[in-house]
There are 2 protein chains.
Amino acid sequence: MSSRTAPGPRERLLDAAQKLTYSHGVGVGVDTLLKAANVARRSLYEHFDGKDGLIAEVLRRSTAEDEARYEETMRAAGDDPRERLLAIFDKLGEIIAEPDFRGCRYLAADLALADPDHPGHAVTRDYRKRVHRLIEHELVALGHRKPARAAEQLLLLIDGTLAAGATRPGTDPAASARELAEHILDAAG
Amino acid sequence: MSSRTAPGPRERLLDAAQKLTYSHGVGVGVDTLLKAANVARRSLYEHFDGKDGLIAEVLRRSTAEDEARYEETMRAAGDDPRERLLAIFDKLGEIIAEPDFRGCRYLAADLALADPDHPGHAVTRDYRKRVHRLIEHELVALGHRKPARAAEQLLLLIDGTLAAGATRPGTDPAASARELAEHILDAAG
DNA sequence: AAAGAGATAGAACGTTCGGTCTACCCGGAC
DNA sequence: GTCCGGGTAGACCGAACGTTCTATCTCTTT
């Protein structure tokens, strides 16, 4: 009951799957996941009703964490919407610099899950909508003349930063994107 | 000997693999590829020494085609480097609009091939270098003050356009990117 | 002490994976 | 005609896949 309890099989499995589906892709075998989590085979099917359910739940958890990270990043940047939005790109720079960065988890999942009916797709779609809302809200607060268009452009910069961060070592895509983002925000009117 | 000869097993297999590794990801099974190409199992190993070799060759072929498409797009845009570069984003708009567009093949491959030693990675790395060179060359011809930085930014816009095109239906990332690209080029000095 | 829920270990299922192998077939060169 | 290289067809291999199953163990609750 206390918050200091050792994590149960469900949590261990989620933790391991979150780590491994990122580093090795959603194609990792269930044996690998079970072994890494030290969890019985059966628990996977009790808690998540199979691998697809586990993947969907991992994505749900990740999106919640990442959305919270967006909010925390903006919160730490103060009250000015402009600073709050630019802080996102500084944060992206940190994320990309992490040694085990492997690109955007959600894009990778969408590209890897060939079945368009896989429950994971709905999760990533929702996540993108929430981030979109988050950013558009700031643009409205900033008084931007075209918040919808500007939001699309900022999201494109984020996508591009994560893609370039994964595939163009030695470059600093976050800095490049930030510069372009400044221009978008300066056109606020 | 004539150019009108029916394509041999090697070509059929490459054609099928090029199509299927894009629509279904590089995780497609060998059986699926052989069936689609109407090719004997053995021919795969004779010509490509296994699935990995086939994938690498498919990527090589695709990069050659895509690089040629960049050059053709710029050639068709005339002599002005600015127009030639902006034409890329118009072309991207067309590509994204195609009904079977599924994102950037090379990013998908890099994300899906967990093994960093897979021969496919070298191919995509080379391709990105060549496109980088192509774009930087135009920026130099344009007389841009910071061709290296501007090239990185344009590449980031391309990556972002392809990513957003695959994951944000209903938006027009190519148009968003083009607008930002114009700003980059206007800062040419 | 007894019971029951939840976890564990692990065998086993059928399928698919990538890869190897044998056997046959066909067309052009000798 | 004979040979032979390149192709096809398909059986087969061990391994891994996701899934289901039984059996045992270990807590917590009563």
Side-chain angles (χ1 to χ4, degrees), chain A residues 1-59 108-109 112-121, chain B residues 1-2 4-21 23-59 108-109 112-121:
Chain A
M1 193 60 82
S2 142
S3 63
R4 268 316 205 126
T5 322
R10 203 189 119 96
E11 264 55 47
R12 292 202 309 268
L13 197 43
L14 273 176
D15 288 345
Q18 199 166 5
K19 206 167 299 187
L20 287 173
T21 58
Y22 184 60
S23 59
H24 290 63
V26 292
V28 238
V30 295
D31 290 16
T32 308
L33 299 174
L34 297 174
K35 175 87 82 171
N38 253 297
V39 152
R41 207 164 191 74
R42 178 166 193 164
S43 304
L44 162 59
Y45 296 91
E46 293 277 341
H47 288 297
F48 304 103
D49 201 57
K51 190 194 178 186
D52 288 355
L54 173 60
I55 288 181
E57 191 56 37
V58 163
L59 289 174
L113 299 176
D115 176 12
D117 292 333
H118 192 288
H121 291 303
Chain B
M1 193 57 86
S2 144
R4 268 312 203 127
T5 322
R10 203 189 119 97
E11 262 56 45
R12 275 179 289 153
L13 198 43
L14 272 176
D15 289 344
Q18 198 166 5
K19 206 167 298 186
L20 287 173
T21 58
S23 60
H24 290 62
V26 292
V28 244
V30 172
D31 292 15
T32 307
L33 299 174
L34 297 176
K35 175 87 82 174
N38 253 296
V39 152
R41 204 168 187 72
R42 180 165 192 169
S43 304
L44 163 60
Y45 296 92
E46 294 277 341
H47 288 295
F48 303 104
D49 201 57
K51 190 195 179 186
D52 288 355
L54 173 59
I55 289 181
E57 191 57 37
V58 163
L59 289 175
L113 299 175
D115 176 11
D117 291 334
H118 191 288
H121 292 302

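In what follows, chains are A, B, ... by sequence order, proteins preceding strands, each numbered from 1. Note that these values count all heavy atoms, side chains included, but never hydrogens, waters or copies made by symmetry. Since this is a predicted model, take the numbers as computed values, not measurements.
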Open item on the list: How many whole angstroms separate atom CG of B/Leu13 from atom P of D/dG7?
Closed with: 11 Å
- [ ] Rounded to the nearest angstrom, tell me the gap between atom CD in B/Glu11 and atom P in D/dG6.
- [x] 15 Å
- [ ] Within residues 20-29 of chain A, find the residues that approach DNA chain C with a heavy atom at under 4.0 Å, and present them sorted by residue number.
- [x] none
TODO: For a side chain to side chain contact (heavy atoms under 4.5 Å, CB included) with B/Leu44, tell me which candidate from B/Asp49, B/Leu54, B/Val39 qualifies.
DONE: B/Leu54
Open item on the list: Using a strict heavy-atom distance below 4.0 Å, which residues from residues 30-57 of chain B are in contact with DNA chain C?
Closed with: B/Val30, B/Arg41, B/Arg42, B/Tyr45, B/Gly50, B/Lys51
Open item on the list: Is it the case that the side chain of A/His121 and the backbone of A/Leu113 share a donor-acceptor pair, with hydrogens and angles ignored and the cut-off at 3.5 Å?
Closed with: yes
Task: A/Arg41 side chain near A/Asp31 side chain, heavy-atom distance below 4.5 Å - done: yes
Open item on the list: Rounded to the nearest 0.5 Å, what separates atom OG1 in A/Thr21 from atom NZ in A/Lys51?
Closed with: 9.5 Å
Task: side-chain contact (heavy atoms from CB on, under 4.5 Å) between A/Glu57 and A/Arg10, worked out - done: CA-CA 11 Å; A/Glu57 191 56 37; A/Arg10 203 189 119 96; 4.0 Å; yes
Open item on the list: I'd like to check A/His47 versus A/Arg42 (side-chain heavy atoms, cut-off strictly below 4.5 Å). Are they in contact?
Closed with: no
Open item on the list: Within the 4.0 Å heavy-atom criterion, would you say B/Arg10 contacts the bases, only the backbone, or no part of the nucleic acid?
Closed with: nothing
Task: Short side-chain to backbone donor-acceptor contact, A/Thr32 and A/Val28, under 3.5 Å - done: no
Open item on the list: Quick check: do A/Phe48 and A/Ile55 have side-chain heavy atoms less than 4.5 Å from each other?
Closed with: no
